[in-house]
Enquirer: 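First the structure, then my questions, so here it is.
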Amino acid sequence: MTICEKLQQALQPLFPLCDVSSEPLVKDEPQVADSEKEESQTADTPTVGVLWTDAGRYGHHLDIVCLPDQVVPVAGIMDREGFFLEAITGVDWLKRQQLEVVYDYNRLGGEHCRVMVRTFLPRNNPVVPTVSSVFPAADWHERETYDFYGIQFQGHPNLIRILLPEDADFHPLLKDYTP
Amino acid sequence: MGEESVPSSIESVPSSIVQFAQLDKLLNLGRANSLWPMTFGLACCAIEMMCTGGSRYDISRFGAEVFRPSPRQSDVMIVAGTINKKLELAVKTLYDQMPEPKWVIAMGNCAISGGPFKVKNNYNVIEGADKLFPVDVYIPGCPPRPEALLEGIMTLEEKITGKRRWPRVESC
Amino acid sequence: MSVPLHLRSDEVFVLNLGPQHPATHGVLRVKLTMDGEYIVKAEPVLGYIHRMHEKMAEDGIFAQFMPNTARMDYLHALAFNHGWALVVEKAAGIEVPERAEYIRVITVELNRIASHLLWWAAFLLDLGGFTPLLYAFDDREKIIDLLERVTGSRLTYCYMRFGGVLNDIDDEFITGTRDFIKRLRSRLPRQYHDLVTHNIILIKRIKDIGFVSAEQCRRYGATGPVARGSGINYDVRKNEPYSVYPEFDFDIPVFPEGDSMARYMVRMHEIEQSMRIIEQALDKLPAGPVMGKAPRQLKPDAGYYYSAVETARGLLGHRLVCDGDKNPYKLKLRSPTFSNLSLFGEVAEGMLLADALAFMGSLDLVIPEIDR
């Protein structure tokens with residue numbers, strides 16, 4: 001069994017669906033699927049689930065869209081399967097009034113498998129639980145995402161700015177920011 | 001004797017009570033020949049500064065190989081790299097801590113004007129070291145070659161002594 | 001590791017290391033809570049050279065970001081060029097001719113050797129030795145001469161384009177590179193290993209200092225020589241091959257001890273492996289064009305793309321989000337040193353200050369890459 005299949009099996013309890021088409025997720029199109037899913041947030045948001053993608057074209061093997069509350073259980077499963085947290089970042093979808101948090105997981109040695117986990121938050125109140133209790137690497141990455149986007153990570157031990165001056169009062173990577 | 005007030009006979013005091021024309025020239029020559037830079041490499045230009053200290057370009061020929069980490073022991077601050085809003089206070093403090101006579105060389109486009117980071121949505125970069133303190137010599141380049149830094153040191157020596165002591169290379 | 005019991009006092013003080021400090025390799029500030037000479041707590045403070053690269057990526061077109069890539073990690077700028085070119089080529093579906101791939105590999109590996117030489121010089125400067133800097137810079141100038149012939153720059157290269165490279169290499173570059181490899185191979189045993197690697201002072205200063213376990217590396221996301229010095233056999237060139245790396249026969253040096261000496265040896269062996277790759281690439285260099293077909297107006301399909309390359313410091317990732325427009329919608333640069341430095345707080349507790357600086361030097365930090 002490949003790592004991706006093993007991971008899919010481990011994620012089964014959280015996402016009760018089977019893998020579907022290998023079409024990429026496009027900005028405004030909902031994910032095409034023919035089995036049960038959990039509800040999505042708006043009509044334009046990609047629906048929650050696990051998608052297999054073409055790693056040669058996109059760079060990652062699995063694309064997981066989850067709800068904000070599922071972020072920590074998914075991170076726990078990744079930790080148990082031996083992945084490491086490569087990066088956490090945010091994306092500002094101004095038109096949909098959503099902020100997206102993207103987690104990249106990779107494996108250190110052995111079979112290569114990169115997994116992208118995404119979750120969508122409302123732009124006016126972006127709150128998501130922290131994964132720094134599972135992966136200490138998340139500590140600085142979440143601080144950086146907070147610094148750039150203003151996303152609040154609940155439970156973070158030290159959520160202060162990391163790259164901008166501590167007394168800055170703006171979040172520069174938001175699309176409607178002008179200096 | 002008693003106590004009487006003595007009227008002052010000197011109304012204005014000259015800036016330097018005693019002036020030695022030749023000794024000043026000698027002091028300036030000494031200062032120009034042994035400029036001790038402060039290690040203030042911030043970014044990419046710092047590497048070219050290190051190359052200038054290496055054996056091919058050899059800043060030691062000009063007496064300037066003694067890079068002092070402490071501002072209190074250095075003559076010239078070579079600002080090599082981009083200055084940030086977060087770093088602004090530290091740079092100003094370092095400049096204030098240097099004893100007189102002191103000079104500043106702005107090395108690289110970032111130190112002159114913000115360089116490639118002077119963009120429309122600039123929220124963090126100070127556009128030039130001369131926004132914070134007076135700069136004596138500007139060395140353009142991104143990063144400037146080690147020869148350009150040496151030319152900058154020679155220009156600073158010209159500024160200190162009043163005349164250029166090294167041959168100028170005419171463009172051919 | 002914590003402060004020995006008989007040395008613990010009730011008074012701690014806060015010592016500020018940096019941002020202007022000769023040993024911090026850039027503008028890094030570390031707030032050290034000290035108990036005498038022992039570190040009780042170490043918190044790196046970043047952001048002193050944050051230059052808005054990710055915002056600049058969103059404001060310009062794809063091609064306008066290429067000069068930025070070199071200014072992040074200026075010591076291995078060509079690998080950063082390569083990572084950006086790779087992710088955009090993936091997104092837009094641009095093919096790269098084989099000769100261009102070989103030239104990319106040759107120049108990136110030459111740059112890797114130059115980066116490791118400068119790391120070696122700066123590391124020993126931190127430990128107090130000035131002479132190795134002069135030897136390393138001598139060899140590094142030869143590499144810079146070769147790369148300047150072909151790219152036009154000494155340090156911040158903007159050499160790669162989407163679809164290939166800017167200039168072709170000529171015979172003088174090829175003979176120059178072969179001569180350089182011969183020269184460096186003859187110098188490594190004496191000027192590098194006899195003088196420094198087998199030097200008792202260096203061994204006493206870095207052996208068993210700064211132990212990082214493999215599990216710590218995984219939990220903090222450390223990659224590159226830091227992970228390979230802790231026994232983890234991971235190199236992007238072997239585990240997630242890109243470009244023409246599968247065609248070459250080279251080893252990945254892995255040392256299981258986990259201390260600064262292991263990380264030092266990993267990098268010294270990597271210099272030799274890079275020379276092997278360059279020799280093989282020069283032997284197998286095919287003829288052909290150096291630039292593929294790339295559209296003038298680049299508008300890749302919407303989607304999420306990722307590319308990973310191995311720089312001298314670890315895994316560099318580009319997470320690109322496109323929305324079909326001519327600007328990138330979002331670019332995240334996963335910088336290897338950012339994750340490597342996050343180890344510092346945990347590992348430096350209980351160390352002596354001088355040992356902590358030796359550990360920091362062995363991590364090979366380039367601060368503008370962390371701050372972007």
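A, B, ... follow the sequence lines: proteins, then strands. Residue 1 opens every chain. Every heavy atom of this structure was used, including side-chain atoms; hydrogens, water molecules and symmetry mates were not.
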Enquirer: Which of the residues A:Asn106, A:Asp92, A:Leu108, A:Thr89 is involved in the greatest number of heavy-atom pairs with chain C at under 4.5 angstrom?
Expert: A:Leu108
Enquirer: Does this structure show an ion pair linking C:Asp323 with A:Lys95, if we count only N-O contacts that are shorter than 4.0 Å?
Expert: no
Enquirer: Check whether C:Ser339 gets within reach of chain A through its side chain, its backbone, both or neither, counting any heavy atom under 4.5 Å.
Expert: side chain
Enquirer: State whether C:Lys238 and C:Glu310 are salt-bridged, where the test is any N-O pair (Lys NZ or Arg NE/NH1/NH2 against Asp/Glu carboxylate O) under 4.0 Å.
Expert: no
Enquirer: Suppose we call two aromatic rings close when their centres sit under 6.0 Å apart. Are C:Tyr242 and C:Tyr245 close by that rule?
Expert: yes
Enquirer: Please walk me through it: do C:Phe338 and A:His141 pass ring pair (Phe, Tyr, Trp, His ring centres under 6.0 Å)?
Expert: CA-CA 9 Å; C:Phe338 188 82; A:His141 281 111; 5.1 Å; yes
Enquirer: Which bit of C:Ala91 is near chain A, if near means a heavy-atom gap under 4.5 Å: side chain, backbone, both or neither?
Expert: backbone
Enquirer: Please confirm whether the backbone N or O of C:Leu365 pairs with a side-chain atom of C:Arg313, one donor and one acceptor, at under 3.5 Å?
Expert: no
Enquirer: Quick check on C:Leu46 against chain A: is it the side chain, the backbone, both or neither that has a heavy atom closer than 4.5 Å?
Expert: both
Enquirer: Counting only N and O atoms by type, is there a donor-acceptor contact under 3.5 Å from the side chain of C:Asp371 to the main-chain atoms of C:Gly47?
Expert: yes
Enquirer: With a 4.5 angstrom heavy-atom cut-off, could you sort out which part of A:Phe148 is near chain C: side chain, backbone, both or neither?
Expert: side chain
Enquirer: At a heavy-atom separation under 4.5 Å, does C:Tyr329 approach chain A through its side chain, its backbone, both, or neither?
Expert: both
Enquirer: Taking A:Asp147, A:Asp79, A:Ile88 one by one, which has the highest count of heavy-atom pairs under 4.5 Å against chain C?
Expert: A:Asp79
Enquirer: So which part of C:Asn233 gets closer than 4.5 Å to some heavy atom of chain A, the side chain, the backbone, both or neither?
Expert: backbone
Enquirer: Please look at A:Leu85 and chain C and tell me whether the side chain, the backbone, both or neither of the residue comes under 4.5 angstrom of a heavy atom of that chain.
Expert: backbone
Enquirer: Out of C:Arg218, C:Lys330, C:Lys332, return the one with the most heavy atom pairs under 4.5 angstrom to chain A.
Expert: C:Arg218
Enquirer: Heavy-atom pairs under 4.5 Å with chain A are the metric here; pick the option from C:Gln216, C:Glu54, C:Glu346 that has the most.
Expert: C:Glu54
Enquirer: Is the shortest distance from a Lys or Arg side-chain nitrogen in A:Asp104 or C:Arg334 to a carboxylate oxygen in the other one below 4.0 Å?
Expert: no
Enquirer: Only pairs of heavy atoms separated by less than 4.5 Å count here; which of C:Leu315, C:Asp235, C:Ile370 has the most with chain A?
Expert: C:Leu315
Enquirer: Just by distance, with hydrogens left out, do C:Arg29 and C:Tyr48 show a side-chain donor and acceptor under 3.5 Å apart?
Expert: yes
Enquirer: For A:Tyr105 and A:Glu81, test the side chains for any donor-to-acceptor distance below 3.5 angstrom and give the result as yes or no.
Expert: no
Enquirer: Check whether A:Pro136 gets within reach of chain C through its side chain, its backbone, both or neither, counting any heavy atom under 4.5 Å.
Expert: both
Enquirer: Quick one: do C:Arg319 and A:Glu86 make a salt bridge, cutoff under 4.0 Å?
Expert: no
Enquirer: Below 4.5 Å from any heavy atom of chain A, which atoms of C:Val45 appear? Answer side chain, backbone, both or neither.
Expert: side chain
Enquirer: What part of A:Ile160 lies closer than 4.5 angstrom to a heavy atom of chain C: side chain, backbone, both or neither?
Expert: neither
Enquirer: Using a cut-off of under 4.5 Å on heavy-atom pairs, state which of A:Arg161, A:Glu111, A:Glu144 scores highest against chain C.
Expert: A:Glu144
